[in-house]
Amino acid sequence: DQQVKQNSPSLSVQEGRISILNCDYTNSMFDYFLWYKKYPAEGPTFLISISSIKDKNEDGRFTVFLNKSAKHLSLHIVPSQPGDSAVYFCAARGSGGSNYKLTFGKGTLLTVNP
Amino acid sequence: NAGVTQTPKFQVLKTGQSMTLQCAQDMNHEYMSWYRQDPGMGLRLIHYSVGAGITDQGEVPNGYNVSRSTTEDFPLRLLSAAPSQTSVYFCASTGRGIPNEQFFGPGTRLTVL
């Protein structure tokens, strides 16, 4: 049972345009959501997060939106740059006793074309 | 700080061989975990530890053992390697606090023939 879903395996965007990466979840007990970015042959690196009590968090070119009623979050990158080309993982953290454990989606490969 | 380090970077094993993947962190983090990444499968949690002497199973623990004798080190042992364990393995650590951002090592690419 996949609790965090990234239904788009890949996304291609032109440089300067907006990239929108989507993530759906099924577990209403998740209380924190994170996005990680991964380049080939490197470990994932933390990008941005959002608490379940918020609906938006912004950090520079990156904004994450959370729609709790729809159990959906999205990562917006504006403007997209070729260096943003990477695999993006959505992750969710359980509340209470499992608050160290993250559940990851399968990832979306973003390609930003010059 | 070196952050999270993993050794080796690459390893080829034959079926049935054993080996230990090393992981160390110098950030005094309480929580450490091991993930495997397979094509189309994302990151799946193998084992995790919330502190020295405490370990627990994740989503895919079969075929792997762990121990946590110190805060810094969290080795992952394959007792009898199988081709299904061919994967890229990532170790991660996190300290207390929100949002429990996990810091990942560079990974170990393991091939089992």
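Values in this document were obtained by computation on a predicted structure and should not be read as measured data.
Trp35(A) and Phe65(A) fall into different hydrophobic clusters, defined by Ile, Leu, Val, Met, Phe, Trp and Tyr side-chain heavy atoms under 4.5 Å apart, directly or through other members. Tyr89(B) and Leu45(B) are assigned to two separate hydrophobic clusters, defined by single-linkage of ILVMFWY side chains at heavy-atom distances under 4.5 Å. In the hydrophobic clustering of ILVMFWY residues, with side-chain heavy atoms under 4.5 Å counting as a link, Val60(B) and Leu78(B) come out together. Note on Met32(B) and Tyr48(B): separate hydrophobic clusters, where clusters join Ile, Leu, Val, Met, Phe, Trp and Tyr whose side-chain heavy atoms are under 4.5 Å apart, directly or indirectly. Hydrophobic cluster membership is shared by Leu110(A) and Ile48(A), with clusters built from Ile, Leu, Val, Met, Phe, Trp and Tyr side chains linked at under 4.5 angstrom.
Within a 6.0 Å sphere centred on CZ of Arg17(A), other residues, nucleotides and ligands contribute 12 heavy atoms or fewer. For Arg109(B), the CZ atom sits in a loose shell: 12 or fewer heavy atoms of surrounding residues, nucleotides or ligands are nearer than 6.0 Å.
Proximity to chain B is limited to the backbone of Ala41(A), based on heavy atoms less than 4.5 angstrom apart. Interface remark: Tyr35(B) contributes side-chain atoms only to the contact with chain A (heavy atom separation under 4.5 Å). Using a 4.5 Å cut-off between heavy atoms, Leu43(B) contacts chain A through both its backbone and its side chain. Contact annotation for Val88(B): neither backbone nor side-chain heavy atoms come within less than 4.5 Å of a heavy atom of chain A. Using a 4.5 Å cut-off between heavy atoms, Pro9(A) makes no contact with chain B at all.
Note: Thr94(B) OG1 to Leu102(A) CG = 8.0 Å, rounded to the nearest 0.5 Å.
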For this session: Dump the intermediate steps for side chain to side chain contact (heavy atoms under 4.5 Å, CB included) on Lys101(A) and Tyr31(B), then the final yes or no.
Result: CA-CA 9 Å; Lys101(A) 293 172 64 176; Tyr31(B) 180 82; 3.8 Å; yes
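The two atoms that bring Lys38(A) and Phe90(B) nearest to each other are CE-CZ, 3.4 Å, heavy atoms only. Contact record, Glu101(B) with Leu34(A): CA-CD2, 4.3 Å, taken as the closest heavy-atom pair.
Contact annotation: the side chain of Phe104(B) never approaches that of Glu42(A) to less than 4.5 Å [non-hydrogen atoms, C-beta and beyond].
Chain A forms more heavy-atom pairs under 4.5 Å with one residue of Gln6(B), Gln37(B), Lys9(B) than with any other, namely Gln37(B).
A donor-acceptor pair is defined here as one N or O able to donate and one able to accept, closer than 3.5 Å; such a pair exists between the side chain of Tyr36(A) and the backbone of Gln102(B).
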